[in-house]
Student: 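Here's a structure for you.
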Amino acid sequence: MVSHPPNVRYLTGFTGSNGILFVSAAQTVLFTDPRYELQAHEECNCRIRIVRGSTWDGVWKHAARKPGRLALEAEHVSHAIWAEAARRLGRGATPKPLGGVVERLRRVKSPEEIDAIRASARLCAAAFRQAARRFRPGMTENDAAAEIEYRMRKLGAEGAAFETIAAAGARAALPHARPGAATLEKGQPVLVDMGANLAGYMSDMTRVAHFGPPPREFARLYDAVLEAQQAGLQAVRAGVPARRVDAAARNALKARGLDRYFTHSTGHGVGLEIHEGPRLGAKSGETLEAGMVVTVEPGIYLAGKAGIRIEDTVLVTLTGAEILTPVSKELMVLES
Ligand code: ZN
Ligand code: ZN
């Protein structure tokens, strides 16, 4: 049983919010509710069962007639559903937890998926350029984030890939700062972390801009992060262990005595979800393959002082990394 919506979408093309897929050697059946009857027939070519009431109820009735083991996605099924499975399947079938099977398939993208992510990243970059032109001192972080999300929608995105981050001044030291009433100020930086959801495919990019020329210390920190990001990008290639990309970025910061301020991993896969495999961290056991799409995003966070992160979404190729988020990484100086 595949119930995690991005996994259902990956296997069938079904984009509705309620779909449970039964896959066996003999048949594939999508269970959904009457709201999605037309849509399911348009999007999928597997068998479709429309269930009134609880969709899981239809699933149990179907599965109970088929003896054997029924695998459920352990990471995506609630305890309540698991308990129901054990009770409803009766003597015939037994539930079995299964982890990451579809997620593993999703790590290497098809040419169509790569095109979709490329388009999403291009849209993200265009929206950033349009929005950044409108950044002014006195604007709140909320204003900046709203401007970015508005531009993405206007350019055709279904929405933001995640809650847009616009962090003013030292608030950027919180890696996942939520935009609020803090204002963008003259002589201060602003960090933007944004992504688009275009036709279900995500993109992810972080840039830092500064109102007026930055103080020397800030420019020095920015250069260090940029150097780390370049080192990470240079390490990306098919066949390379993912943790080597993390090590490349981390070592570049270490050479400047800044690695202790880099408190997260270097990157993650991007696709139907904003965070998916592979993980580019110090402990990652995965190896990069051509067709994977990942982020490279080192950052440093000095509490109360500054936060700088530079992030691109890139395609892993046989020879290196193709950057999909084509926005200059020279520190963007905004007029104040
Ligand atoms: Zn990001
Ligand atoms: Zn990211």
Side-chain angles (χ1 to χ4, degrees), residues 6 103 106-107 109 117-118 120-129 131-132 141 144-145 147-149 151-152 157 159-168 171-179 189-198 200-209 222 225-226 228-233 235-236 242-243 245-246 248-250 253 262-282 284 286 288 292-301 307-316 321-329 332:
E103 281 85 348
R106 283 173 41 201
R107 293 182 320 162
K109 273 67 183 176
I117 298 169
R118 191 177 267 127
S120 173
R122 206 177 289 143
L123 188 153
C124 167
F128 173 78
R129 287 192 208 95
E141 293 172 339
E147 186 67 45
I148 288 164
E149 295 188 1
R151 294 288 145 198
M152 291 198 286
F162 54 91
E163 204 178 323
T164 303
I165 296 172
R171 284 191 20 89
L174 306 165
H176 271 189
R178 292 195 70 180
V190 55
L191 178 148
V192 169
D193 188 349
M194 62 183 288
N197 170 356
L198 176 62
Y201 281 87
M202 310 301 170
S203 46
D204 195 0
M205 182 185 86
T206 306
R207 290 292 184 272
V208 175
Y222 185 88
V225 176
L226 183 54
Q229 208 246 358
Q230 305 284 14
L233 288 172
V236 171
R243 64 173 178 276
V245 179
D246 183 83
R250 217 166 283 281
L253 287 169
F262 178 22
T263 49
H264 52 76
S265 56
T266 295
H268 53 86
V270 176
L272 287 169
E273 288 180 279
I274 186 62
H275 291 121
E276 54 181 60
R279 212 178 114 88
L280 279 65
S284 172
E286 294 171 286
L288 297 180
M292 285 179 170
V293 175
V294 299
T295 67
V296 177
E297 51 176 308
I300 52 174
Y301 309 94
I308 299 168
R309 177 169 66 255
I310 303 172
E311 172 180 31
D312 284 309
T313 298
V314 308
L315 170 67
V316 180
E322 179 193 334
I323 294 177
L324 304 180
T325 35
V327 172
S328 167
K329 282 178 284 199
M332 186 180 213

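One-based numbering along the sequence shown. As the structure lists them, so they are numbered: ligands from 1, and atoms in each ligand from 1.
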Student: Is the shortest distance from a Lys or Arg side-chain nitrogen in Arg106 or Glu276 to a carboxylate oxygen in the other one below 4.0 Å?
Tutor: yes

Student: Can you name the N, O or S atom of Asp193 that is closest to the Zn ion (ligand 1)?
Tutor: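 Relative to the Zn ion (ligand 1), the closest nitrogen, oxygen or sulfur of Asp193 carries the name OD1.
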
Student: Looking only at N, O or S atoms, find the one in Glu297 nearest to the Zn ion (ligand 2) and name it.
Tutor: OE2

Student: Is any side-chain heavy atom of Met194 less than 4.5 Å from a side-chain heavy atom of Cys124?
Tutor: yes

Student: Asp204: which N/O/S atom is nearest the Zn ion (ligand 2)?
Tutor: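 Distance check against the Zn ion (ligand 2) picks out OD2 in Asp204.
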
Student: Using the ring centroid of each side chain, check whether His264 and Tyr301 are separated by less than 6.0 Å.
Tutor: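 Centroid distance His264-Tyr301: below 6.0 Å, so yes.
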
Student: Using 4.0 Å as the upper bound for N to carboxylate O, is an ion pair formed by Arg279 and Asp246?
Tutor: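 Not counted as a salt bridge, because no side-chain N and carboxylate O are separated by less than 4.0 Å.
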
Student: Between Arg107 and Glu286, does any side-chain N to carboxylate O distance fall below 4.0 Å?
Tutor: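 The answer is yes: the pair qualifies as a salt bridge.
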
Student: In Glu311, which N, O or S atom comes closest to the Zn ion (ligand 2)?
Tutor: OE2

Student: Which N, O or S atom name in His268 marks its closest approach to the Zn ion (ligand 2)?
Tutor: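 The atom in question is NE2.
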
